[in-house]
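Before any comments, here is the structure.
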Amino acid sequence: MFRPRPDSRHATICVEVEGRLVRVPAGASAAAAVLIAGLSSIRETPLPTGQARGLKGHGAERGPYCMMGICFDCLAEIDGVPNRQSCMIAARPGMRIRRQRGARAVAMK
Amino acid sequence: MAPVRVARQEEMRRFDAIVIGGGLVGTAIGYGLARAGRLVVLIDEGDVAYRASRGNFGLVWVQTKGLGAPHYQRWTRASAAAWPLFAGELEERTGIKLGHEQNGGVQLCLSDAELAKRHAMMQQMQVEAGNFGFEYRMLDHAELAAMLPGLGPTVAGASWTPYDGHVNSLLLFHALHKAFAAAGGTYLPDSTVTAAVAAPGDFRIDVGSETLGAPQIVLAAGLGNAALAPLFGLRAPVRPQRGQILVTERTSRTWPIPLGSIRQTPEGSILLGSSEEEVGFDTSQKPEIMRAIARRAVLSFPWLAELQIVRAWSALRVMPPDGLPIYDESERLPGAFTANCHSGVTLAAAHASLFAPMVAAGALDPMLAPFSAKRFDVSAAA
Amino acid sequence: MTVDLAIIGAGPAGMAAAALAAELGLDTLVVDEADTPGGQIYRGVEHAPEASALGADYLPGRRLVTQLRESTARYRPGTTVWHIDPGASGGGILSLAAAGYSETVAARQILIATGAIERPVPIPGWTLPGVMTAGAAQLLLKTADLVPEGQAVLAGQGPLLYLTALQLTRAGAPPLAVLETTPAANYHAATARYVGELWRGRRDLGKGLALLFGLVRAGVAVRRGVRRLRVLGRHRVEGVAWEGGEIAVDHLFLHEGVIPNTQISLALQIAHRWDEAQRCWRPAVDEWGRTSLPGIAIAGDGAEIAGAGAAALSGRLAALDAAAALGRIDEEDRDRRARPIRSGLARERAIRPFLDALYRPADSVLSPADAVIACRCEEVSTGQIRRAVQLGASGPNQMKAFLRCGMGPCQGRVCGPIVGAVIAAARGVAIAEIGTFRPRAPYKPITVGTLAGVERDPHQIADNEQDSFA
């Protein structure tokens with residue numbers, strides 16, 4: 001979906017997106033990593049309440065919209081922590097990024 | 001308030017009943033009256049107002065109500081008993097699913113001392129209930145942990161009653177407005193009472209651009225009732241009491257029942273409450289209070305620490321001097337009624353299905369006599 | 001901890017204010033959510049190569065960052081302000097969260113410099129993946145040298161739209177087309193009324209024309225007077241359509257101007273006013289940036305949209321005023337230093353009335369059709385809002401209670417302008433009369449654990465390793 005421009009001189013790092021290794025420029029956000037990985041969407045909205053238009057079975061698919069921490073449509077699971085604003089988090093080597101599928105689960109120890 | 005110029009009969013819009021206040025109390029009463037075939041006008045303030053109804057927790061809560069005041073316990077139980085039918089009827093009339101569940105609830109106790117105190121309270125409530133009965137159970141840590149996943153190790157136990165439950169209070173609010181309109185009610189938002197003339201069975205009020213008249217009037221304006229009541233031969237000495245609530249991101253379904261200060265909505269948000277602050281008409285939020293709520297939540301369920309708080313609010317409860325509701329009808333000006341409480345959700349069923357029919361019939365049932373504001377005169381004299 | 005001046009935001013206004021305030025002897029703290037300085041306009045500027053695809057405009061940002069770094073101002077990146085308690089006599093107490101910890105800082109003076117956000121562009125299908133703002137495309141280019149793969153179209157109006165199109169072209173990824181929504185009538189209206197400003201703002205006008213020529217030279221198709229934009233696609237954007245045409249695309253970037261980020265100023269219940277020229281809510285500020293709250297000022301695009309140059313200048317004015325308020329300089333000195341800054345500000349602002357008139361958003365951008373989603377977070381449609389107005393929800397906060405719009409994670413940042421405009425149109429009154437949401441703390445999410453102050457959980461540690469609570 002997104003790629004480095006032809007004459008880019010950015011160093012690159014390796015992150016995991018949905019279990020797949022992806023090479024991204026240093027300085028890219030986790031949201032950008034998802035875009036580079038070519039995922040069609042980054043999350044599914046939590047199941048809609050009764051008043052929303054009927055979407056059966058799963059929530060609406062969303063991708064990043066503003067890339068600056070305002071819209072919260074880029075929510076993703078990063079290193080096991082759900083619902084993080086991925087556009088505000090810099091990609092780090094070995095980061096594990098997964099789509100946010102609806103409401104988060106709770107981890108009870 | 002300036003004395004109103006007497007409106008000519010033709011200028012005035014006439015109704016069977018005027019209800020002042022469009023929150024949960026006003027709309028429930030308005031809906032009950034409209035459902036009984038009365039022509040009702042509901043007057044409400046504008047977008048920016050104190051509006052306790054926007055700040056409530058959504059509990060249909062019985063087990064903490066009425067220690068030392070069995071009539072309050074009975075009234076609350078009557079409402080709880082009426083709730084399922086009330087919810088079903090609203091859902092049918094409006095198509096809005098209220099998320100109502102009433103399978104019991106627990107009140108957590110974080111220490112042995114708290115648990116002992118709670119136990120004593122429950123025993124006392126049972127004694128006071130007499131033949132009416134009051135069913136409860138005390139749960140120890142082990143039983144509670146089996147029921148509530150991830151329970152904190154320091155939680156001592158809880159009290160449980162079968163009567164408690166919860167509902168999506170915003171959907172309730174929406175449904176009441178929709179049902180009120182569908183039953184022929186007239187809703188006038190952005191309106192405040194600028195002048196009033198009151199005579200027995202004849203009430204006329206000016207709301208900005210027009211005059212409304214009706215033989216009956218119900219004051220359900222929350223904190224606004226304190227100033228309005230004397231105009232109609234009533235007293236409503238309510239004061240504001242602030243409460244703050246935290247709301248988390250949506251999570252998968254976790255608990256089968258609500259807890260007194262923690263509940264999960266059907267959409268998955270977890271509400272954490274609450275506080276009781278005597279600060280006057282101040283709706284600002286206080287980090288120290290929010291911290292205390294967060295701490296208690298984490299002690300109750302350590303895994304809550306990981307959840308993000310996406311929003312929080314503070315709102316002012318409508319609090320009578322002894323915490324019990326004030327229901328009254330004016331002796332000097334028959335036809336004027338008032339309803340005041342801080343449990344607008346729990347009592348919504350009673351307001352629609354019990355209180356409103358009393359108003360429609362012209363007089364409050366004697367069972368509500370102990371809720372009259374006259375009780376404050378007695379204690380003042382004592 | 002107590003400081004003289006707390007500045008929220010390390011964009012041009014915040015950086016310029018911090019450097020000057022520190023120079024004037026104020027104990028200054030700058031906090032910013034992002035990991036690096038620059039705000040949005042200068043995002044990533046510290047790491048940008050010298051010859052940037054983004055043009056000469058980008059490099060003044062470097063100077064500001066250097067000034068910030070070399071000043072004695074304390075700079076805390078990766079730090080979120082989640083609550084401010086205004087002090088009765090001025091300034092206030094800020095609650096800050098970073099790396100899983102929360103802390104309070106008292107400040108005698110507070111400067112809010114949180115900049116601008118994109119105006120929402122609610123067209124049918126705007127919530128589909130692959131639809132982003134033009135600013136988003138620009139940020140991806142700025143921070144990581146990324147360009148869209150496949151076919152991209154930009155749609156809307158305003159300088160940022162053309163700038164982004166040109167930057168993408170220079171970066172080797174020319175967009176398929178630019179669909180401009182400016183109504184033909186706006187051209188005449190803008191030039192007729194503001195011909196004087198065109199001369200005063202000739203430097204900016206020149207830049208703008210150069211932009212357009214650049215696009216034309218690069219062969220990017222520009223289609224004017226586009227109406228009834230809508231997105232095509234089922235799970236993701238597949239195309240964009242308008243009255244009289246459609247194209248298949250892989251990416252769509254929308255832009256209808258920027259508006260002040262008023263989240264914190266509204267939460268503080270600072271007085272705001274509706275600006276009909278810019279069609280947005282703005283905090284009411286005086287010539288120093290002072291608001292209705294004592295010791296709390298706003299500088300930069302967060303007070304009034306005027307661009308990065310103006311932001312730095314207004315930041316400096318606020319720093320001067322704070323220094324005078326705290327007695328570090330006297331008012332005469334403050335006013336003397338302010339004079340050249342004000343001249344600069346007048347030059348920066350000169351072109352604004354012309355741009356505001358030319359790129360005035362259409363009514364449909366503010367108040368869309370029934371089927372369009374108004375609140376993205378809670379998936380509330382515009383039609384639902386109109387129906388709730390019929391039920392009596394007469395303002396945004398009542399609307400929130402009826403429909404949950406504004407209750408989602410963005411807390412009304414995106415939907416606020418839409419909800420207000422839809423209610424106003426449905427009621428037949430001016431938007432100014434309708435008012436705004438009342439945002440509450442936490443201004444950005446914090447965990448229950450951070451708030452409770454429980455022991456640090458590895459998951460709570462932010463990816464930003466700069467633990468600056470020392």
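Residue numbers start from 1 in every chain, and the chains themselves are labelled A, B, ... in the order their sequence lines are given, proteins ahead of strands. None of these values were measured; they are calculated from a predicted model. Side-chain atoms are counted along with the backbone in the values below, which use heavy atoms only and exclude waters and symmetry mates.
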Exercise for review: Check whether any side-chain N or O of B:Arg295 sits under 3.5 Å from a backbone N or O of C:Ala452 as a donor-acceptor pair, and report yes or no.
Suggested key: yes
**Study point:** Atom pair CD1/CG of C:Ile446 and B:Leu246 - distance to nearest 0.5 Å
**Key:** 8.5 Å
Practice item. Heavy atoms only, distances under 4.5 angstrom: which of C:Ala388, C:Pro396, C:Pro409 has the most pairs with chain B? Name it, please. Key: C:Pro396
Practice item. May I have the step-by-step check of side chain to side chain donor-acceptor pair (under 3.5 Å) for C:Arg438 and B:Thr283, ending in yes or no? Key: CA-CA 12 Å; C:Arg438 183 185 171 186; B:Thr283 57; 3.3 Å; yes
Review point. Looking at C:Ser95, C:Gly408, C:Ala441, which has the largest count of heavy-atom pairs under 4.5 Å with chain B?
Key: C:Ala441
**Study point:** Top contributor to chain B interface from C:Gly392, C:Pro439, C:Ala393 [non-hydrogen pairs under 4.5 Å]
**Key:** C:Gly392
Review point. Hey, what do you get for CG (C:Leu391) to CG (B:Leu176), rounding to the nearest 0.5 Å?
Key: 11.5 Å
Practice item. Please report the C-alpha distance between B:Glu267 and C:Arg404 in whole Å, then the side-chain angles of each, then the deciding distance to 0.1 Å, and finally whether the side-chain contact (heavy atoms from CB on, under 4.5 Å) criterion is met. Key: CA-CA 12 Å; B:Glu267 319 94 57; C:Arg404 295 188 62 85; 3.3 Å; yes
Point to revise | Heavy-atom contacts under 4.5 Å, residues 308-316 of chain B to chain C | key: B:Gln308, B:Ile309, B:Val310, B:Arg311, B:Ala312, B:Trp313, B:Ser314
Exercise for review: Would you mind checking which part of B:Leu299 comes under 4.5 Å of any heavy atom in chain C, side chain (CB onward), backbone (N, CA, C, O), both or neither?
Suggested key: neither
**Study point:** CG on B:Leu272 to CG on C:Leu451, rounded to 0.5 Å
**Key:** 9.5 Å
Practice item. Using a strict 4.0 Å threshold on nitrogen-to-oxygen distance, state whether B:Asp47 and C:Lys400 make a salt bridge. Key: no
Exercise for review: May I have the step-by-step check of side-chain contact (heavy atoms from CB on, under 4.5 Å) for C:Trp82 and B:Met290, ending in yes or no?
Suggested key: CA-CA 12 Å; C:Trp82 64 266; B:Met290 293 166 75; 3.7 Å; yes
Exercise for review: Using the six-membered ring wherever Trp is involved, compare the ring planes of B:His177 and C:Phe402 and label them parallel, tilted or perpendicular (cut-offs 30° and 60°).
Suggested key: tilted
Exercise for review: For residues B:Glu306 and C:Thr447, determine if any side-chain heavy atom of one lies less than 4.5 Å from a side-chain heavy atom of the other.
Suggested key: no
Point to revise | Interchain contact, B:Arg296 with chain C, by part (heavy-atom threshold 4.5 Å) | key: neither
Study note, to complete from the structure: Okay, C:Arg427 and chain B: the region with an atom under 4.5 Å from a heavy atom over there is side chain
Practice item. Side-chain contact test, heavy atoms from C-beta onward, threshold under 4.5 Å: evaluate it for B:Arg291 versus C:Ser102 and give yes or no. Key: yes
**Study point:** Neighbour count >12 (heavy atoms, 6.0 Å) for atom CD, B:Glu278
**Key:** yes
Check your understanding: So, do B:Gln285 and C:Asp85 sit near enough that their side-chain heavy atoms are less than 4.5 Å apart?
Key -> no
Point to revise | Interface residues of residues 411-419 of chain C facing chain B - non-hydrogen atoms under 4.5 Å apart | key: C:Gln411
**Study point:** Heavy-atom contact with chain B under 4.5 Å, split by part of C:Asn397
**Key:** both
**Study point:** chain C contact via B:Pro287 - side chain, backbone, both or neither, heavy atoms under 4.5 Å
**Key:** both
Review point. Shortest non-hydrogen contact from B:Asp44 to C:Gln398?
Key: OD2-NE2, 3.9 Å
